[in-house]
Amino acid sequence: MLEKTFQHGALEEEHYKKWENSASFAAKPESNNAPYAVMMPPPNVTGSLHMGHALNMTLQDILTRYKRMKGFDALWQPGTDHAGIATQMVVERQLDEKGTSRRDLGREEFLNKVWEWKEESGGTIVRQLRRLGATPDWDRERFTMDDGLSAAVRKVFVQLYKEGLIYRDKRLVNWDPKLLTAISDLEVEQRENKGSMWHIDYPIEGEQAQTIRIATTRPETMFGDTAIAVHPDDERYKHLVGKYAMIPIANRLIPIIADEHSDPEKGSGAVKITPAHDFNDFEVGKRHDLPMVNVFDIHAHMNENAPDGYQGMDRYAARKKILEELENLDLLADEESVVNSMPYGDRSGVVIEPYLTDQWYVDAQTMAKPAIAAVKEDKIKFVPKTWENTYFAWMENIQPWCISRQLWWGHRIPAWYGPDNDVFVGADEADALAQAREKYGEDVELRQDEDVLDTWFSSALWPFSTIGWPDETPELKKYYPGDVLITGFDIIFFWVARMIMMGMHFMDDIPFDTVYIHALVRDSKGQKMSKSKGNVIDPLELIEKYGTDALRFTLTAMAAQGRDIKLSEERVEGYRNFGTKLWNAARYCEMNNCMPQPGFDPSSVSYTPNKWIITELARTEQAIEQALDSYKFNDAAQAIYQFVWGSFCDWYLEFTKPVLSEEGDKADEIRQTTGWLLSQIVTLLNPFMPYITEELSEKLFEEQGNGAEGFVFQQQWPEYAESLQDQDATDEMGWVMQFISEIRSVRSDMNVPAGAKLSLIVKDSAAQTQERLNLYEEIISRMARLQSIEIKEDAAPAGAIQTVVGEATLILPIADIIDLDKERARLEKEIEKLSSDIKKIDQKLGNKKFLDNAPDEIVNEQHTRKSNAEKLRDKLSAALKQLEVA
RNA sequence: GGGCACGUAGCUCAGUGGGAGAGCACUACAUUGACAUUGUAGGGGUCGGCAGUUCAAUCCUGCCCGUGCCCA
C-alpha cells in the first residue's frame with residue numbers, strides 16, 4: 001500500500017542513484033536509431049545551481065527524455081566550463097585570505113592550486129544537476145580544459161592564425177585595471193552615472209590671452225591629448241584650424257584640427273582628442289596620424305607621460321588635482337552636471353579603461369558572414385523568432401574579438417616569440433621550435449606568450465570538441481550537427497553566435513538547427529534576481545521543500561515563449577499539490593485493484609465512459625507531442641495537468657467509482673481501463689515529473705508484478721491509433737457532465753444543502769436524452785445527489801426550480817427549500833444575458849454586408865447560436881412565468 | 001538616441017480575425033468517502049488609450065501612454 005503522500009526527499013536521491021548506476025542515460029553511437037543531440041550549455045565550474053540553470057536544464061531534460069522514449073538515440077552532452085576570470089578570482093581570493101597571492105606562488109604553483117580547487121569544489125554544480133533529475137550522458141562529461149578539448153583549442157587557433165583570421169594587433173582594448181587584463185566588448189557593461197562635464201580653456205599658441213574652450217568628462221586624460229578637433233563647417237573655429245593649443249599644466253602644444261567627429265551642437269563644439277584613451281579619439285587619431293600618448297599604467301595610475309607631481313597617482317585623484325590646478329590657473333570655465341554612461345567590467349565592477357596594448361584578435365567580421373547566412377537561410381531557426389533580430393543586429397556590426405586575457409587560468413596561447421620578437425604559432429613548442437629553426441637557421445630559445453584565451457573561445461567549439469573533433473569519431477559523425485540548443489538570451493552573443501561561427505568554419509555546417517531561447521527567471525515581483533538585491537530564490541531550497549518534480553513542473557508550466565517567468569512559491573506549492581493529487585489517485589487505483597493488465601487493448605473497450613476517457617488520453621498525448629515539437633512547454637504541461645486532474649480524477653474516477661465494488665464484465669473492463677490509464681499517465685508525465693512517476697511505477701507496477709520492467713524513461717512513448725478517438729463517446733459523456741454540472745450549479749445557487757437528495761423531473765426530452773438518462777441514471781443521481789429521475793410531460797409543480805440542458809427542461813421540485821425571490825433573480829439574470837446575446841447576433845444577421853461577406857459557416861453558426869439561445873430563453877421564461885403563478 | 005518585447009480577472013499568466021480563458025487568491029457550502037496538499041459552486045475583465053483596415057478587431061496596421069530589456 002502506498003504511503004499517504006509522496007515523500008520526495010529521500011526517494012529522489014534513491015531513484016537517481018539507481019538510474020545513474022544503470023548507465024541508462026548513455027548515448028549509443030553504434031545503434032541504428034536516429035540521433036537526437038543536445039549540447040548542454042556548460043555551467044561554470046565555479047558555479048552553483050541557480051534558477052536559470054534549473055529552467056534551462058529542466059527543459060533540456062524534458063526534451064531528452066521525451067525523444068529517448070520516442071526511440072531516438074539521445075545524446076545530452078554534459079560538461080563544465082573553466083570560466084577563466086571567475087575561477088581565477090575564486091582561488092585568488094582564497095590565497096588572499098591566507099595572506100599570499102598568485103604572484104608569490106608563481107604561475108605553475110598557482111595553476112596547481114586552481115586544479116586542486118577544481119577537483120575539490122568543481123563538482124558542486126554537476127551534483128546539483130543530479131538533484132534536478134537531469135539525465136545527460138554523464139560518462140561523456142567534459143571540461144573545457146580537458147586534454148582533448150585543449151588540443152581542439154590549439155588546433156583552431158593555429159589554423160585561424162594561418163588563415164589570417166587570428167592576428168596580433170596594437171589597438172585600444174577594454175582594460176580592467178583591477179583584474180589587470182583585457183576583456184572583450186561583451187564583458188563590458190554600460191551603466192548610467194551622474195557625472196560632470198568640465199569646460200576647460202586651452203591657451204592658443206601665439207595669440208595673446210586667447211583660448212579655445214573644450215568640454216570633457218575625463219580631464220585626467222588631458223596629458224594624453226594630441227589634438228583639439230572642431231567641426232570643419234564650424235564657422236566659430238575656422239580661423240583656428242591649423243594653429244596650436246597648449247595643454248594646460250603639461251604645457252605641451254597640440255594642433256587644432258578639423259574633423260567631423262566633433263559635434264558643433266555639443267558643449268563648446270571643440271573637443272580634446274586623446275587617441276590612447278578613447279575609442280572615438282583613437283579613430284580620429286588614425287585619420288590624422290596623431291601620436292598616441294598613453295598616460296596610465298596597468299593600474300590606471302598616471303605614468304611617466306604625466307607631469308611631475310602626477311606620476312603614480314590614481315586616475316581619480318589625478319582628476320581632482322588637475323581640476324584644482326586648472327581652477328587656480330583660471331582655465332576651468334564651467335562644470336555642468338550630466339548623465340553619462342560609463343563602462344564597467346562585468347566581473348570586477350570597476351570602470352574600464354580604453355587602453356593601448358598588444359592583444360590577439362579574431363577577425364569576427366569575416367567569420368560572421370557564413371554564420372549570418374546560416375540564420376538568414378533558415379538553416380538555423382531561433383525560437384522565438386524575434387531573437388534573430390538581436391542576432392543579426394550584433395553580427396552585422398561585429399567588432400574584432402579580443403581573445404587574449406592577461407590571466408593564468410585558461411588555455412595558454414600557442415604562440416612563441418623568438419629573440420627578435422618574431423612570433424611562431426604552433427600546436428606545441430616543438431612545432432614552434434621547428435619553425436624558428438627554419439627562420440634562424442639554428443635552435444634558439446623561445447618564450448611562450450604569457451596570456452591565455454578568452455573562455456568563450458573554447459566554449460565556442462563545444463558542439464564538436466566534446467564529441468571528438470578533430471578526430472573523425474563515430475560520435476562526431478552521428479551527433480553533429482545537433483538538434484536544439486536551449487539557452488538564455490544573455491549568451492546569444494557570448495556563446496551562440498560564436499558556436500555558429502566556429503561550426504560553420506571548422507565543420508562547414510551548422511552546429512544545431514534550432515536555438516530555443518528561454519525566459520529569464522525573475523522573482524515574484526518581476527525583479528531580476530541578484531545577490532545584491534537579496535531576492536534570489538534558491539532552486540535547491542524549493543526542491544527541499546516541495547520536491548524536484550514540483551519545481552520542474554512549475555518552470556515548465558511557466559515557460560511560455562517570449563515572456564519572462566515571475567516565479568512565486570505559491571505556484572510551486574500548487575504543482576506539488578498536483579503531484580499529491582496523482583499520488584492519491586494512484587492509491588485509489590491500488591485499493592480498488594485497478595492495475596495494468598498485460599495484453600489490455602484499449603480499442604476493445606465497450607463501456608462508453610471508458611471509450612471517452614481513452615479518447616481524452618489520446619488527445620492529450622497529441623497535444624503534448626505537438627506542444628513539445630514546437631517548444632511550447634507550457635502547453636504540454638497544461639495538457640497533462642488538465643487531463644490528470646480535470647478529466648481523470650474529477651470525472652472518470654467518479655463515474656466509475658461505484659462499479660468497482662461490483663463483479664462482472666463491466667467492472668472488469670473499468671478496472672483494466674483504469675489501470676491502463678494510470679500506467680499511461682505515469683509514462684506521459686515522466687519527462688516532466690520523473691521522480692513521482694518512477695516511484696509509482698516501481699511500487700505499483702514493478703514490485704507488484706503489474707508489468708513495467710526497468711525505468712519509466714526507458715519505456716516507449718505511447719502512440720495511440722487515431723481510431724481510439726471516439727467522438728460519439730465524447731459527445732455522450734459531455735452531455736452527462738453538463739447535465740450533472742447544471743444540477744449542481746442550480747443547487748448551489750439555491751443554497752440547497754449538499755446533503756439533500758432531490759427528485760428530478762425531465763420534460764421535453766428527446767429519445768436520445770431518455771436513452772442516456774436510462775444509461776447513466778445511477779451516475780447522474782450519485783454525482784448530482786438525486787433520489788429519483790422521472791421523465792414526465794406535466795407542467796412543473798409549484799415551487800420548482802428549472803433549468804435546461806439541450807432540448808430538455810430539468811425540474812427540481814423543492815418547494816420547501818426554495819427561495820422564490822432568489823430563483824426569480826437567477827432566472828432573470830440568465831434571461832437577460834441570453835437576450836443581450838440574441839440582440840448582438842441579430843445585429844450581425846441584420847447586416848447585409850455581413851451576410852454577403854462572411855463565410856457561410858460563420859453565418860450558419862450565428863443562426864445556430866441564435867436559435868439555441870432563443871430556445872433556452874423561452875424555456876427559462878416559461879420557468880419564470882411558472883414561478884409567478886406559483 | 002536606436003531597437004526589441006510586453007500591457008487580458010485582485011495576482012501570475014495562456015489564447016484567438018467571428019461565442020473572453022486557466023491557476024492562485026476571494027466568497028458560499030461540504031469533513032472521517034484515494035485526496036483539506038480535497039470536493040462542489042460562485043463573483044469578478046469597456047482584453048492600456050485613440051484612430052485606421054475589415055462585413056466583423058482583444059487579435060492586423062499606425063500613433064500615444066505605461067513597463068521591462070538590449071544596443072549606442
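In what follows, chains are A, B, ... by sequence order, proteins preceding strands, each numbered from 1.
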What interatomic distance, in whole Å, is found between [atom1] of [M] and the corresponding atom of [N]?
N     : M     : atom1 : result
B:G21 : B:A28 : P     : 25 Å
B:G7  : B:U12 : P     : 12 Å
B:C60 : B:G17 : P     : 9 Å
B:G44 : B:A51 : P     : 28 Å
B:U8  : B:U58 : P     : 15 Å
B:A22 : B:G45 : C1'   : 14 Å
B:C69 : B:U37 : P     : 38 Å
B:U40 : B:G33 : C1'   : 15 Å

Nearest-angstrom distance from the residue atom [atom1] of [X] to [atom2] of [N]:
X      : N     : atom1 : atom2 : value
A:E569 : B:U12 : CD    : C1'   : 15 Å
A:R571 : B:G23 : CZ    : C1'   : 5 Å
A:M558 : B:A22 : CE    : C1'   : 12 Å
A:H8   : B:U37 : NE2   : P     : 15 Å
A:I841 : B:A56 : CD1   : P     : 18 Å
A:W394 : B:C70 : CH2   : C1'   : 13 Å
A:Q738 : B:U40 : CD    : C1'   : 17 Å
A:N751 : B:U40 : CG    : P     : 18 Å

[X] side-chain N/O to [Y] backbone N/O, donor-acceptor pair under 3.5 Å:
X      : Y      : answer
A:N56  : A:G52  : no
A:R671 : A:L660 : yes
A:E396 : A:W394 : no

It should be established whether [X] places a side-chain nitrogen or oxygen under 4.0 Å from OP1 or OP2 of nucleotide [N].
X      : N     : answer
A:K840 : B:A56 : no
A:N853 : B:C55 : yes
A:S741 : B:U40 : no
A:R865 : B:G19 : yes
A:N634 : B:C13 : no
A:K829 : B:G43 : yes
A:K632 : B:G15 : no

Exercise. Ignoring hydrogens and angles, does a donor from either the side chain of A:R744 or the base of B:U40 sit under 3.5 Å from an acceptor on the other?
Worked result: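 A donor-acceptor contact between them is absent.
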Between [options], which nucleotide gets closest to the side-chain atoms of [X]?
X      : options             : result
A:W645 : B:G39, B:A34, B:A72 : B:G39
A:E654 : B:U37, B:A34, B:U40 : B:A34
A:Q862 : B:A34, B:G18, B:A14 : B:G18
A:A754 : B:A5, B:A36, B:A30  : B:A30
A:K844 : B:G39, B:G19, B:A5  : B:G19
A:C649 : B:A34, B:C55, B:A5  : B:A34
A:P855 : B:U37, B:G18, B:C24 : B:G18
A:R587 : B:A5, B:A34, B:A14  : B:A34
A:N389 : B:C35, B:C4, B:G18  : B:C4
A:L653 : B:U40, B:A34, B:U37 : B:A34

Using a cut-off of 4.0 Å on non-hydrogen atoms, how would the nucleic acid contact of [X] be classed: base, sugar-phosphate, or nothing?
X      : value
A:T386 : sugar-phosphate
A:A854 : base
A:D852 : nothing

Problem set entry | Heavy atoms from other residues, nucleotides or ligands near NZ of A:K757 exceed 12 (cutoff 6.0 Å) |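 Atom NZ in A:K757 is not packed in, count stays at 12 or less.
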Do the rings of [X] and [Y] sit parallel, tilted or perpendicular, given the 30° and 60° boundaries?
X      : Y      : result
A:F489 : A:W387 : parallel
A:Y516 : A:F633 : perpendicular
A:F648 : A:Y652 : parallel

Searching all strands shown, indicate the nucleotide that pairs with [N] (Watson-Crick or G-U wobble; both distances under 3.5 Å).
N     : value
B:G23 : B:C11
B:G66 : B:C6
B:U38 : B:A30
B:G17 : none

Problem set entry | Cation-pi geometry met for A:R576 and A:Y546 (6.0 Å, 45°) | no
Exercise. How long is the gap from NE2 on A:H8 to NZ on A:K545, to the nearest 0.5 Å?
Worked result: 10.5 Å
Problem set entry | 5'-most by nearest nucleotide on RNA chain B - A:S745 or A:Y588 |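 Counting from the 5' end, the first nearest nucleotide belongs to A:Y588.
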Exercise. RNA chain B: A:V188 or A:Y575, which has the more 5' nearest nucleotide?
Worked result: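 This one resolves to A:Y575.
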